[in-house]
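Counting starts at 1 for both ligands and their atoms, in listed order.
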Amino acid sequence: MDKILNYINGEFIESLDKSWINNVDPSIGKVYSLIPDSEDKDIEQAVQSAELAFDNWSNSTIDYRSKILNNIAKLILTNMEDLARAESIDNGKPLRLAKKIDIPRAAKNMAFFASAIKHDSSESHQMNNIAINYTLRKPIGVVGCISPWNLPLYLFTWKIAPALAAGNTVIAKPSEVTPMTAYLFSKICKEAGLPDGVLNIVHGYGGKVGAAITKHPKIKAISFTGGTATGKEIAKVAAPLFKKMSLELGGKNPNIVFADCDFEKAVSTSVLSSFSNQGQICLCGSRIYIERKIYDKFKEAFLKKVKKLVVQDPLSESTQIGALVSEDHMNKVLQHIKVAKEEGGVILHGGERILLSGRCENGFFVSPTVIEGLPHNCRTNQEEIFGPVVTLSPFDKEDEVIEYANGTQYGLSSTVWTKDLAKANKMAQELKAGIVWINCWLVRDLRTPFGGVKNSGVGREGGYYALQFFTEPTNVCISLN
Ligand code: NDP
């Protein structure tokens, strides 16, 4: 059985207790590798190594750090096939999605911040003849990065890249559900010449390793992506320690389709925004609101496409929907579907587990599920399901749909389909969300602010915003007299 190892001080090691957690391939429902079951003392070791490495790394030139990050980006691309296959096996996502989105984006994250750090600048404020201020931006020190299972390497590198680029040393924890590409990444970092101790990757359960990172007094900032409940736990522990925090949390995103939209584009993109990665993207639009005039037409066209989605072995090139990430998660999604039925929802398609034959006969597959007939304030339309489940609801007026869209605890992203520019701008103004996509979905420019409002999070990631998060400003005031 393959063993994943921690990466601490440049070495690949077991947890100090030498205990292991099973790692399951969700498409076949079987254990295929082992993960170190690390805890506080492994984090302590990682923090010591990161502290030792900090001076050299933070004082190294921007060119040097940029070169190392670019080396890592190149090696990710060189290892594209292996990484994509590993991501697909570990997570259940279609191999072709891992090749098209996850792994290229991981490389892009590294290359982007390798370049961003070279183009960054800090502010200066002049006070006529009195004084001049300039802002020094210094790396924070040892920082913690905790990421989820849905886009494993993509989100792991999205945090690590700016933290390293800004000169910090890092303790990172991938989800224990999908640790494999983080392990392969640690080998890539070694090969790329990243100095020992600059990045330390510690595997294990969130409640142990994640909690140990959060409470460690020498870890000065936490960048976390995951569920809202976990985010609350982290904030409770980290806030009294006055740690900097960036919390990227859950969503229940509305997808609003007006009658004057580009119909074909709205339908095809809505299929993607509903079911890509089995609906396990925080930005998926799980509540589709359709202007009543085109409700039936949209429903028919949408269902026609959904019925054609190919659910099968993630490793097959023609697969569009793979396995959910774990048996627990599959059961959670099926439970939500049960609740939707109890609430009076009509299942238009799907609604059940799919049992495949052959290699994947024990895999955790759920049919893409479309539900209608539910009020906007029911549990199904309020709670994040994070699976291949969407609801369809009609609306008549702009103000009505704004109220529905904003009427959850979340505020991560929204999508609006209309050709009317004034209406689009009004919606962007009124929607309470960190991102509003107009006539598109998941179009990402890495320079833009990324994050949520309300219970979808605190803080922003992305270009300048991430570099700001991972540095502390010091204002220097020089008298001119
Ligand atoms: P979790 O919150 O369960 O886990 C996220 C990470 O936190 C994992 O590495 C987990 O470890 C770790 N963790 C768990 N408990 C603790 C703890 N007490 N202290 C510190 N760390 C802990 O989220 P999921 O992995 O289930 O991911 C799905 C969620 O992530 C969804 O809600 C989704 O919306 C959200 N998400 C948000 C995004 C955004 O940008 N806003 C993007 C992607 C996902 P382990 O897995 O080992 O338990």
Quick look: N150 vs ligand 1, heavy-atom contacts under 4.0 Å, and the answer is side chain

Ring centers of Y289, F395 separated by less than 6.0 Å: no

Here the pair of heavy atoms bringing G204 nearest to V209 is CA-CG2, 3.8 Å

Does the side chain of E384 reach to within under 4.5 Å of the side chain of S286, using non-hydrogen atoms?
no

On a heavy-atom basis, the closest approach of A86 and M180 is CB-CG, 4.0 Å

Item checked: Sub-3.5 Å N/O-N/O distance, T225 and ligand 1 -> no

field: Sub-4.0 Å protein heavy atom next to atom 4 (O) of ligand 1
entry: no

When distances are taken from atom 41 (N) of ligand 1, the protein heavy atom at minimum range is L249 O, 2.7 Å

- Would you say the side-chain atoms of N255 and W417 include a donor-acceptor pair closer than 3.5 Å? yes

* Asked: Without hydrogens or angle criteria, can the side chains of N455 and Q409 be said to hold a donor-acceptor pair below 3.5 Å?
  -> yes

Of all protein heavy atoms, the one nearest atom 27 (O) of ligand 1 is P148 CB, 3.3 Å

Closest to atom 18 (N) of ligand 1 (heavy atoms only, candidates G206, A172, G210) is G206

A student checking ligand 1 against L155 at a 4.0 Å heavy-atom cut-off should list atoms 42 (C), 43 (C)

Polar contact flag, side-chain donor to acceptor under 3.5 angstrom, S223-K159: yes

Here the atoms of ligand 1 under 4.0 Å from any heavy atom belonging to C282 are 34 (O), 36 (N), 37 (C), 38 (C), 39 (C), 40 (O), 42 (C), 43 (C), 44 (C)

The single option from K341, E343, R287 that satisfies side chain to side chain donor-acceptor pair (under 3.5 Å) with T380 is E343

Candidates E461, K173, H203; heavy atom nearest atom 11 (O) of ligand 1 found on K173

Practice task
Could you establish whether A211 and ligand 1 come within less than 4.0 Å of each other, counting only heavy atoms on the residue side?
Solution key: yes

Correct closest heavy-atom pair for G226 and P148 would be CA-CB, 4.3 Å

### Message
Under 4.0 Å, counting heavy atoms only: does G204 come that close to any atom of ligand 1?
### Response
yes

Restricting to heavy atoms, the pick from T230, I385, T228, I35 nearest atom 22 (C) of ligand 1 would be T230

In terms of its nearest heavy atom to atom 12 (C) of ligand 1, the top option of V209, D328, I146 is I146

So the atoms of ligand 1 within less than 4.0 Å of a heavy atom of E176 turn out to be 45 (P), 46 (O), 47 (O), 48 (O)

When you measure from the heavy atoms of G457 to every atom of ligand 1, does any distance fall below 4.0 Å? no

the protein heavy atom lying closest to atom 28 (C) of ligand 1 turns out to be F386 CE2, 3.5 Å

Within 4.0 Å of some non-hydrogen atom of E248, the atoms of ligand 1 are 37 (C), 39 (C), 40 (O), 41 (N)

Any side-chain heavy atom of F275 sitting closer than 4.5 Å to one from V390? yes

For L412, the atoms of ligand 1 under 4.0 Å from one of its heavy atoms are 41 (N)

Quick look: A229 vs ligand 1, heavy-atom contacts under 4.0 Å, and the answer is neither

- Item | Plane angle bin for W158 and F113 - parallel if under 30°, tilted between 30 and 60°, otherwise perpendicular | tilted

Correct closest heavy-atom pair for K243 and I219 would be NZ-O, 2.9 Å

For T214, the atoms of ligand 1 under 4.0 Å from one of its heavy atoms are 20 (C)

All heavy atoms of W441 vs all of C284, minimum pair found to be CZ2-CA, 3.9 Å

Using a strict threshold of under 4.0 Å (side-chain N to carboxylate O), is an ion pair present between K208 and D40?
no

Ranked by distance from atom 7 (O) of ligand 1, the top protein heavy atom is F224 CE1, 3.2 Å

- Answer yes or no: does an N/O atom from W149 fall short of 3.5 Å to an N/O atom of ligand 1? yes

To atom 35 (C) of ligand 1, the nearest of A182, G226, S175, G451 on a heavy-atom basis is G226

shortest atom 9 (O) of ligand 1-to-protein heavy-atom contact is with S147 O, 2.7 Å

Under 4.0 Å between heavy atoms, the region of I234 that gets near ligand 1 turns out to be side chain

Ligand 1 to G227, heavy atom cutoff 4.0 Å, flagged ligand atoms 1 (P), 2 (O), 23 (O), 29 (C), 30 (O), 32 (O)

Note: ligand 1 atoms sitting under 4.0 Å from heavy atoms of E384 are 31 (C), 32 (O), 33 (C), 34 (O)

Going by atom types only, do S367 and E352 share a side-chain donor-acceptor pair under 3.5 Å? no

re atom 40 (O) of ligand 1, the protein heavy-atom contact at minimum distance is F450 CE2, 3.2 Å

- Are K187 and E191 close enough for a salt bridge, meaning some N to O gap below 4.0 Å? no

